[in-house]
There are 2 protein chains.
Amino acid sequence: MKNNTNADEQEFTNQDFSDIVENNCPMTNTLKVIGGKWKLLILHAIMSECPARFGELKKKMKDITQTTLTAQLRELERDGILSRKIYAETPPKVEYKLTPLGETLVPVINTIIAWGNTYCKSNL
Amino acid sequence: MKNNTNADEQEFTNQDFSDIVENNCPMTNTLKVIGGKWKLLILHAIMSECPARFGELKKKMKDITQTTLTAQLRELERDGILSRKIYAETPPKVEYKLTPLGETLVPVINTIIAWGNTYCKSNL
DNA sequence: AGCATTAGTATTATTTTTCATACTTAGTAC
DNA sequence: GTACTAAGTATGAAAAATAATACTAATGCT
């Protein structure tokens with residue numbers, strides 16, 4: 001690993017920042033799942049109307065494009081947060097809902113919402 | 001609220017999504033403050049060593065550039081989350097710490113960290 | 001037959017974010 | 001008087017995210 005005995009080549013060895021520097025940082029890991037411009041908004045929307053259909057989500061998040069919404073939903077599905085149920089109907093019907101893992105995010109999201117309600121009323 | 005008797009002109013009137021569509025959404029507001037790739041990591045770092053100097057933050061977040069770190073810190077300062085204290089020394093010394101408003105984010109961040117610790121161990 | 005519907009995909013363009021690199025400043029130590 | 005330090009700034013390039021637009025597919029309705 002770090003094999004510099006004299007100090008003219010040392011870079012980050014004088015303190016243990018491993019949980020931040022390396023990839024074991026829970027914040028970094030969490031941000032991989034719920035980070036980005038849309039994911040928390042999508043989850044919030046699905047939380048408040050579960051299951052949610054694609055078209056409903058798109059209406060709720062007025063400014064998202066179809067392409068982006070699809071991409072974000074796929075990532076959330078890939079990460080085990082959402083499930084996607086396709087109905088064999090015409091026109092197509094697809095329902096998104098939180099998986100059990102996704103449900104564990106509900107208190108996290110509620111905490112964020114609560115902060116916004118209390119401290120972010122109109123100061124921006 | 002819902003005043004569409006015949007269904008051929010309705011667009012967003014069949015349910016009240018105003019808190020998501022308009023800018024009063026606490027999630028949207030919160031994301032303006034703590035959203036983005038770096039802000040939560042910066043706050044986490046300052047939380048765990050408060051006050052924190054610029055150089056310390058940069059070392060902890062190995063992959064951020066000076067320019068980006070400065071920009072993010074300025075936004076957090078602008079939004080009232082951080083304070084910046086300049087010491088009239090050479091070489092310069094600047095300390096960042098959470099404001100009282102910033103302190104109110106501590107439980108939010110801890111909630112996110114806790115979720116990461118519990119549910120995000122190694123599945124990504 | 002032709003039209004509307006939903007949940008997409010494909011492609012290209014644009015915007016936003018981040019990065020890389022070089023430069024600055026004022027003291028202090030050599 | 002030269003080098004070093006910390007915390008930046010300036011500039012341009014690159015990468016990532018997001019958007020705009022057009023297209024598809026299956027089927028029910030008229």
Need one value for A/Tyr87: base, sugar-phosphate or nothing, where a base atom within 4.0 Å counts as base even if backbone is also close, heavy atoms only. nothing
N/O donor-acceptor pairs under 3.5 Å from side chains in residues 102-116 of chain A, not counting sequence neighbours:
from: A/Thr104; atom 1: OG1; to: A/Leu101; atom 2: O; distance (Å): 2.4
from: A/Thr104; atom 1: OG1; to: B/Trp115; atom 2: NE1; distance (Å): 2.8
from: A/Asn110; atom 1: ND2; to: A/Val106; atom 2: O; distance (Å): 3.4
from: A/Thr111; atom 1: OG1; to: A/Pro107; atom 2: O; distance (Å): 2.7
from: A/Trp115; atom 1: NE1; to: B/Thr104; atom 2: OG1; distance (Å): 2.8

What residues, two or more places apart in sequence or in another chain, satisfy side-chain contact (heavy atoms from CB on, under 4.5 Å) together with B/Pro51? B/Glu95, B/Lys97
With sequence neighbours left out, what residues match B/Thr67 under side-chain contact (heavy atoms from CB on, under 4.5 Å)?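 Scan of B/Thr67 (side-chain contact (heavy atoms from CB on, under 4.5 Å), adjacent residues dropped) gives B/Thr65.
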OP1 or OP2 of C/dG8 under 4.0 Å from side-chain N/O of A/Arg53: no
Once side chain to side chain donor-acceptor pair (under 3.5 Å) is applied, do any residues pair with [X], and if so which ones, sequence neighbours excluded?
{"X": "A/Glu75", "result": "A/Lys39"}
{"X": "B/Ser83", "result": "none"}
{"X": "B/Arg84", "result": "B/Tyr96"}
{"X": "B/Thr99", "result": "none"}

Where does the chain B footprint on DNA chain D start and end, counting 5' to 3' with a 4.0 Å heavy-atom cut-off? D/dT5 to D/dA10
Base contacts versus sugar-phosphate-only contacts with protein, heavy atoms under 4.0 Å: please encode nucleotides 13-28 of chain C as B, S and - from 5' to 3'. -----SBBB----BB-
What is the distance, to the nearest angstrom, from the NZ atom on A/Lys93 to the C1' atom on C/dA7?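 My rounded result for the distance is 13 Å.
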